[in-house]
Amino acid sequence: MTYKAPVEDMSFLLKNVFDVQQQFKDIEQFQDFDYELYDAVLEEGAKFSENVLYPLNRDGDEEGCRHEGTDVFTPKGYKEAYQQFCEGGWQGINGDPEYGGQGLPKALHVLVEEMLYASNTSFTLYPSLTAGACSAIAAHATDELKQTYLEKMQSGVWSGAMCLTEPHSGSDLGILKTKADPNDDGTYNITGTKIFITGGEHDMADNIVHLVLARLPDAPAGPRGISLFLVPKFMVNDDGSVGERNAVTCGSIEHKMGIKASSTCVMNFDDAKGFIIGPPNKGLACMFTMMNKERLSIALQGTGLADISYQVARQYAEERIQGRSAREGKKGAAIIEHADVRRMLLTMRSINETNRALSVLLAMNIDLEEHATNAETKLQASKMVALLTPIAKAFFTDTGFENCNHGIQVLGGHGYVREWGVEQFARDARIAQIYEGTNGIQAQDLVVRKVCADKGEVINNLFAQIENTLSNTDDAFKSHAAQLNDQLKAVKALTENLIAQFDANPAAAQGGAVEYLNAVAYLIGGWLWIKQLDASSVLSELQQKRKKAAADFYFTHLLPKIDSYIKSVENGYSDLFELADELI
Ligand SMILES: Cc1cc2nc3c(=O)[nH]c(=O)nc-3n(C[C@H](O)[C@H](O)[C@H](O)COP(=O)(O)OP(=O)(O)OC[C@H]3O[C@@H](n4cnc5c(N)ncnc54)[C@H](O)[C@@H]3O)c2cc1C
């Protein structure tokens with residue numbers, strides 16, 4: 001089965017749905033770019049994903065990573081593919097041009113990332129962590145650290161890793177114990193054990209740059225006492241070459257359900273030399289620069305795997321002959337003729353295509369947040385990024401896994417066995433609901449910090465944008481617009497109630513957080529479907545019909561899910577806390 005990156009759909013989103021170049025008209029860095037260039041990048045990204053990464057995906061899963069001594073070896077072919085990835089300039093596609101990055105918009109980068117995740121999720125995690133580490137270094141490190149590390153990392157010669165989790169400290173980073181003792185020369189000695197570190201050790205890059213959360217000796221307890229440190233695997237000589245080995249080593253790697261070609265390492269820091277990034281005790285805030293980038297990246301893991309699952313299931317459904325066609329009653333029908341198979345395939349596509357649209361919208365706001373010259377545009381964009389990030393992370397990865405599961409179901413028993421590869425997509429997708437902050441934590445973040453804390457200011461701004469689209473919708477799509485308008489009113493009322501009740505009973509509001517997030521996400525999905533329909537006249541006749549079919553399915557069968565989410569939230573969650581633990 002083949003993977004074909006959805007380049008046409010991606011180009012349509014950039015150019016016709018969001019017209020990103022128009023949005024970026026005041027951003028100097030993007031003025032030399034145009035849609036021809038974006039299309040060329042998408043085409044090249046597609047070739048690399050389809051021809052280099054996808055063929056390695058299955059063997060990488062079979063072989064996995066290997067730990068020997070303190071070394072970790074990636075599966076056969078990964079090192080060479082990584083070399084090609086770096087030579088193609090893919091690592092620095094969205095990186096700072098001052099340090100050798102290409103400075104292309106995030107709105108384009110997310111689409112390339114989706115292809116990379118679809119074709120080989122394990123491989124893609126290594127450069128994803130590097131890109132996230134670069135953004136934290138660029139935003140918060142001293143010029144000296146930036147000069148020493150950024151260029152090598154943005155070219156991929158050195159990779160990055162994110163070291164937060166400890167055996168007793170997962171979602172609750174406030175209790176982490178790793179120590180940072182200051183030295184007279186301004187450096188620190190880092191001591192502690194981090195677990196589950198993606199790409200903490202591997203054989204593809206010449207150096208690995210760990211961004212580590214640790215505590216200074218006099219730090220206050222809790223999250224306000226955490227600082228961020230850069231700890232290289234090899235110290236760097238004055239001339240920029242790799243020098244002596246630092247005291248950071250991989251103790252073991254995890255054996256896990258999926259992403260088997262991605263190394264998940266226990267990392268031991270034994271008085272390893274580190275350099276502080278940002279002010280003392282403000283490390284968590286600095287690390288959030290990286291974590292927010294990673295949350296969007298992991299969202300794309302969900303979309304990419306859901307798309308490859310759809311593609312394989314769609315191809316299989318046309319070939320597999322089974323039973324009698326419901327439409328024509330003839331025997332020997334391909335399974336795509338059966339209602340339930342059609343339902344599953346359309347569920348997958350209608351969610352994947354609207355999630356892809358949301359990833360571009362979110363990324364476009366990141367571009368405006370980072371580069372807009374107008375202060376108000378910058379501020380509004382940053383608020384929108386904060387609101388949309390937990391929604392994208394949780395919704396793309398939850399629906400991503402569900403869609404991978406649909407993929408297995410379409411293939412029946414042949415989906416459950418190894419032969420066709422769809423079971424790997426589901427195994428690879430499952431972790432995305434857990435790491436980078438579990439989806440339960442994302443939903444709490446949405447309710448507590450992004451909606452209730454500002455009394456709904458930003459989400460009301462989003463609702464106003466939806467209203468604006470609805471009042472300008474093409475006549476041909478008015479019935480969808482009317483339906484969405486009803487759902488918008490209902491989600492607005494739910495939001496008002498949530499905010500009103502939050503102060504009195506925050507725990508109960510958090511009980512409904514996941515359902516609230518889903519209600520908002522399905523609403524946004526409907527909005528972005530209308531935006532796609534409004535722009536669809538530029539597409540070929542077949543593509544227009546496919547857009548309309550997926551949108552019609554979304555409005556008929558998926559948007560109504562909002563009603564049940566609202567009902568469940570309205571029913572309240574106080575009962576969860578009234579029950580004794582033994583009744584749970
Ligand atoms: C393959 C893999 C790769 C990883 N890569 C990295 C990496 O590169 N760097 C890194 O630092 N970490 C990494 N992690 C760790 C990952 O981020 C954590 O596993 C995750 O944050 C959850 O922490 P935990 O596993 O300790 O679960 P716990 O925090 O123990 O959570 C268990 C359950 O309790 C719930 N829960 C916990 N606290 C709350 C709360 N306050 N409110 C509501 N529910 C709550 C959670 O949602 C979850 O359902 C990785 C993990 C894996 C498995």
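Both counts, for ligands and for their atoms, begin at 1 and track the order of listing. All of these numbers come straight from a predicted model, not from anything done at the bench. For this chain, numbers begin at 1 and follow the sequence in order.
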Inset, instruction - Under 4.0 Å from a heavy atom of Thr198: give me the atoms of ligand 1 that qualify, with their elements. - result: 3 (C), 4 (C), 5 (N), 6 (C), 7 (C), 8 (O)
Do we see a donor-acceptor contact under 3.5 Å between the side chains of [X] and [Y]?
{"X": "Thr249", "Y": "Asn268", "answer": "no"}
{"X": "Glu63", "Y": "Tyr78", "answer": "no"}
{"X": "Gln311", "Y": "Asp307", "answer": "yes"}
{"X": "Glu201", "Y": "Ser263", "answer": "no"}
{"X": "Glu113", "Y": "Ser297", "answer": "yes"}
{"X": "Gln501", "Y": "Asn505", "answer": "no"}

So, is [X] polar-close to ligand 1, with some N/O to N/O distance under 3.5 Å?
{"X": "Phe196", "answer": "yes"}
{"X": "Lys256", "answer": "no"}
{"X": "Ile434", "answer": "no"}
{"X": "Gln444", "answer": "yes"}

Which residue and non-hydrogen atom of the protein lie closest to [atom], and at what distance in Å?
{"atom": "atom 52 (C) of ligand 1", "answer": "Ile431 CD1, 3.7 Å"}
{"atom": "atom 2 (C) of ligand 1", "answer": "Tyr435 CD2, 3.7 Å"}
{"atom": "atom 9 (N) of ligand 1", "answer": "Met162 O, 2.7 Å"}
{"atom": "atom 48 (C) of ligand 1", "answer": "Thr438 CG2, 4.1 Å"}
{"atom": "atom 1 (C) of ligand 1", "answer": "Thr264 OG1, 3.7 Å"}
{"atom": "atom 12 (N) of ligand 1", "answer": "Thr165 OG1, 2.7 Å"}
{"atom": "atom 39 (C) of ligand 1", "answer": "Ile441 CD1, 3.7 Å"}

Inset, instruction - Decide side chain to side chain donor-acceptor pair (under 3.5 Å) for Thr347 and His406; before the verdict, give the C-alpha distance in whole Å, the side-chain angles of both, and the deciding distance to 0.1 Å. - result: CA-CA 9 Å; Thr347 300; His406 285 316; 5.0 Å; no
Inset, instruction - Identify whether the distance between the nearest side-chain nitrogen and carboxylate oxygen of Arg427 and Asp61 falls below 4.0 Å. - result: yes
Legend entry - Side-chain ion pair, Arg215 and Glu166, N-O less than 4.0 Å: no
Legend entry - Contact check, Glu436 vs ligand 1, heavy-atom distance below 4.0 Å: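 Yes, Glu436 has a heavy atom closer than 4.0 Å to ligand 1.
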Inset, instruction - Look up atom 33 (C) of ligand 1 and tell me if a protein heavy atom lies less than 4.0 Å from it? - result: no
Inset, instruction - For atom 5 (N) of ligand 1, state whether the nearest protein heavy atom is under 4.0 Å away. - result: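 There is a protein heavy atom less than 4.0 Å from atom 5 (N) of ligand 1.
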Legend entry - Identity of the nearest option to atom 29 (O) of ligand 1, non-hydrogen atoms only, from Cys265, Ser171, Gly170: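 Nearest heavy atom to atom 29 (O) of ligand 1 lies in Ser171.
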Inset, instruction - To the nearest 0.5 angstrom, please state how far the NE2 atom of His140 sits from the OG1 atom of Thr142. - result: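 Answer for the NE2-OG1 pair, His140 versus Thr142, is 13.0 Å.
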